[in-house]
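Structure, as structure tokens:
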There are 4 protein chains.
Amino acid sequence: MPRSGGSDGGGSGAVNDGDEGAGRVVRSERADARRNKEALLGAAAAVFVASGVEAPVRDIAARAGVGVGTIYRHFPTRADLIIAVYRHQVEACAEAGPALLASCPTPYAALRRWIDLFVDFLVTKHGLAAVLQSDNAGFDTLHAYFIDRLVPVCDRLLAAAADSGEIHSGLAGLELMRGVGNLCIGAGSDPRYDARRMVGLLVDGLRRTD
Amino acid sequence: MPRSGGSDGGGSGAVNDGDEGAGRVVRSERADARRNKEALLGAAAAVFVASGVEAPVRDIAARAGVGVGTIYRHFPTRADLIIAVYRHQVEACAEAGPALLASCPTPYAALRRWIDLFVDFLVTKHGLAAVLQSDNAGFDTLHAYFIDRLVPVCDRLLAAAADSGEIHSGLAGLELMRGVGNLCIGAGSDPRYDARRMVGLLVDGLRRTD
Amino acid sequence: MPRSGGSDGGGSGAVNDGDEGAGRVVRSERADARRNKEALLGAAAAVFVASGVEAPVRDIAARAGVGVGTIYRHFPTRADLIIAVYRHQVEACAEAGPALLASCPTPYAALRRWIDLFVDFLVTKHGLAAVLQSDNAGFDTLHAYFIDRLVPVCDRLLAAAADSGEIHSGLAGLELMRGVGNLCIGAGSDPRYDARRMVGLLVDGLRRTD
Amino acid sequence: MPRSGGSDGGGSGAVNDGDEGAGRVVRSERADARRNKEALLGAAAAVFVASGVEAPVRDIAARAGVGVGTIYRHFPTRADLIIAVYRHQVEACAEAGPALLASCPTPYAALRRWIDLFVDFLVTKHGLAAVLQSDNAGFDTLHAYFIDRLVPVCDRLLAAAADSGEIHSGLAGLELMRGVGNLCIGAGSDPRYDARRMVGLLVDGLRRTD
DNA sequence: TATGAATGAGCTTTCATTCAT
DNA sequence: TATGAATGAAAGCTCATTCAT
């Protein structure tokens, strides 16, 4: 799978984030620290759901039952925390792209399914879609992470669908991802708005019809 | 034109903010107040362009050369101010709907043109699209205003296009407006994202193809 | 009296800081604001005595019975507050220089008396001498103020004493002031250390003896 | 040599930190601990130069490659660490006093040379002079150490110079040391201020002239 | 009616110090 | 004995909103 850049190196799935692989001799994180880190991730996820990803640091600390300093130790910036909270899902999404391409009847179908996955992810993350558009410098690494992980996948799917003649070529994955992300903003807060349906229309609009 | 609810009679055109009694002697302060209000609208418009519709109240007051209290007197909530600043353009947009329906070759064409108008409006209003999605209670009247004025127009256009068989029926104007609004968030801050193009795809997606 | 630079223009004594002269039509400060500002200066002076000039902003606000915002309104930076608190005394000191030169039997005597005045001032200002040496950028304007107001005066006295042959020439007022300031650090906290005496020795050391 | 009080037997030379029992088997950890302690002293010295003696504990630990807990184990207070870092130089300075008295042509000359040694020491210890004046209780033992070691030496030199009629009597070593220490504050941060010169003037001022 | 001074909650971030591992 | 994770008090600063003048 192509990777454009990436600040993290992390790479292919497992290894990181704890469960270190058998062979390497990585100084293992202290058990309590590990527990805290996980408590923190859980608490952050919960608070993010309730109050959005811009919730006060203190709220997250309180929910996790730790001091604020503990958050700063593990996640120096808010972006680090957000990334950590959603990393697994983002990775899963990224990995689903090639798989879908292999398993779906057509590239366009794969693209559609993949976008659905992304929407399912975003729609349940209160405030995340909004933050992904924020031009606040504090979120730069967050943007970079999403772009690094997902845009190449999207580009690939778009290219395949264009090659197969199902859609017009010329649309950048970045732009599509951003449009889709935008459509997910505020989803969930109003039952009269169904982001999935809107995204569906957008993806319909990609289709070549002639 | 049908109106669903409505917090403000607003409506028919020009400047009637406040319904002064007909024949009575108008108190002399009135002129000052009016002048202040207009200064305020101009200042707010300018500051909104520069810093977005969530710019600090103080900046607006300073630019208008009035005290912050004066803003609160004339526009008790930020939503009131935003509405006042954009009222003319929203009204113009609302009024363009029926006109387009009359002048365009097909209802779908009218819908498309009308959406374009709306996008042109939003894209140039720094931060407005974002605020239109905010679930912050302070913006409720703003939401209501936009919904009251524009959704019925959109519904009308959608219905006409559905009737003509150009698009599927079943999509609510509210939902479409919100999708379009979402796509406009953050437009202008990144040259790689063209909200107009994304909205174009979305509207393409509406089209019936069989 | 020569002035080297100066960010404040303030100038010759009275006028500023309230009591505006008769003639000019300066929009007078609101009475309550004035009262607050003065309460603030008083409170700051008191807190400075007790806890030094680096005391927490909150403490000063509490003592003055105002909110922290009020401090920031009147004195955007700590340096502004410190300057305001001590301005009268610094000005008085600056003005005493030429006067002493005129009234003392010799320039050296004037210098000595003037330095004594400065020491009397500093010694009673808990923490001020220390802050005058701090290389913290936040205190730059404070440094500048002291230097602008006092160094030229000192230079003048030094030059006069050198001209009269009482002291060697070649010492800059800035350096002398700084040495004197340093000698005043921590004075008052230990009865076994008498800054006045030490400064006396330093000034003795200036004298030409041959 | 007279000692007024004293928190630490310290004294006579080399490295004896901790009085290990004479004949007993020295526990094997001892070597580690010693090595750590020395690493710590080196690291602290380096960090003190770079960031001053009030540098964050963490920085020192990091530089030494140990945990912060290790610092607290060996040096419960910052003062203890500072003392340990500079002990050799302070001792050397203390010992130089009698030597100078023996070797210099006059007691005053010895005093002058000795003060110069002290200034040379202080001027190169970023932030040390400032801390020596701090009335922060945490530095009490530091003050005590300097006073215990150096003041008696200074007293001796002063007494000798007074006896020889070169200077007035009546000045306490404590006061002189403190004045000299004060003059060294901030030296090095501003090329326009030469602590050595100022101290020179101060010592000139001691001289009897009649 | 207009002003803008005052309020103070609210948020971030740092770092000395303790103590479980 | 060593580690470094965790704590949480402290402090700075901003800005919406109220209300005395």
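Labels below follow one simple rule: chain letters A, B, ... track the order of the sequence lines, proteins then strands, and each chain is numbered from 1.
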Closest non-hydrogen contact found for D/A43 with D/I60 is CB-O, 3.8 Å
When rounded to whole Å, the CD1 to P distance for the pair D/I60 and F/dT3 reads 15 Å
In short, side-chain hydrogen bond (donor to acceptor under 3.5 Å, both in side chains) pairs touching residues 45-72 of chain A with sequence neighbours left out are none
* Phosphate-side-chain proximity, B/H74 and E/dT1, N/O vs OP1/OP2 below 4.0 Å -> no
Would you classify C/G138 as touching base, sugar-phosphate or nothing, given that sugar-phosphate means primed atoms plus P, OP1 and OP2, and contacts are heavy atoms under 4.0 Å? nothing
In whole angstroms, the gap separating P of E/dT1 from NZ of B/K37 amounts to 11 Å
**Report entry** Any B/N36 side-chain nitrogen or oxygen under 4.0 Å from OP1 or OP2 of E/dT1
**Finding:** no
Sorted by position of nearest nucleotide on DNA chain E, 5' first, the leading residue of C/I71 and A/D59 is C/I71
Distance col, row B/I83:CD1 vs B/F146:CZ, nearest 0.5 angstrom, shows 8.0 Å
A/F75 CZ to E/dT14 P, in whole Å, measures 17 Å
Correct closest heavy-atom pair for B/A79 and B/G138 would be CB-O, 3.5 Å
From CZ of B/R63 across to P of E/dG4 the rounded distance in Å is 18 Å
Interatomic distance, OG@C/S134 vs CD1@D/I185, rounded to 0.5 Å, equals 12.0 Å
Nearest-nucleotide check on DNA chain F, D/R73 vs A/V66; residue mapping nearer the 5' end is D/R73
Whether each nucleotide of nucleotides 14-21 of chain F has a protein heavy atom under 4.0 Å at its base (B), only at its sugar-phosphate (S) or at neither (-) is summarised, 5' to 3', as B-BBB-B-
note: C/R34, atom CZ; E/dG4, atom P; distance rounded to Å ~ 16 Å
Between CG of D/L40 and P of F/dT3 the distance, given in whole Å, is 9 Å
Intra- and inter-strand pairing of DNA chain F, written as dot-bracket with Watson-Crick and G-U pairs under 3.5 Å and | for the latter, reads .||||||||||||||||||||
Task: B/L81 vs B/L41 side-chain heavy atoms within contact, under 4.5 Å - done: yes
Heavy atoms of C/H74 and C/L40 approach each other most closely as CD2-CD2, 4.0 Å
Residues A/A64 and A/A39: closest non-hydrogen pair is CB-O, 4.1 Å
Closest heavy-atom pair, A/V53 versus A/F48, reported as atoms and distance to 0.1 Å, is CA-CD2, 3.5 Å
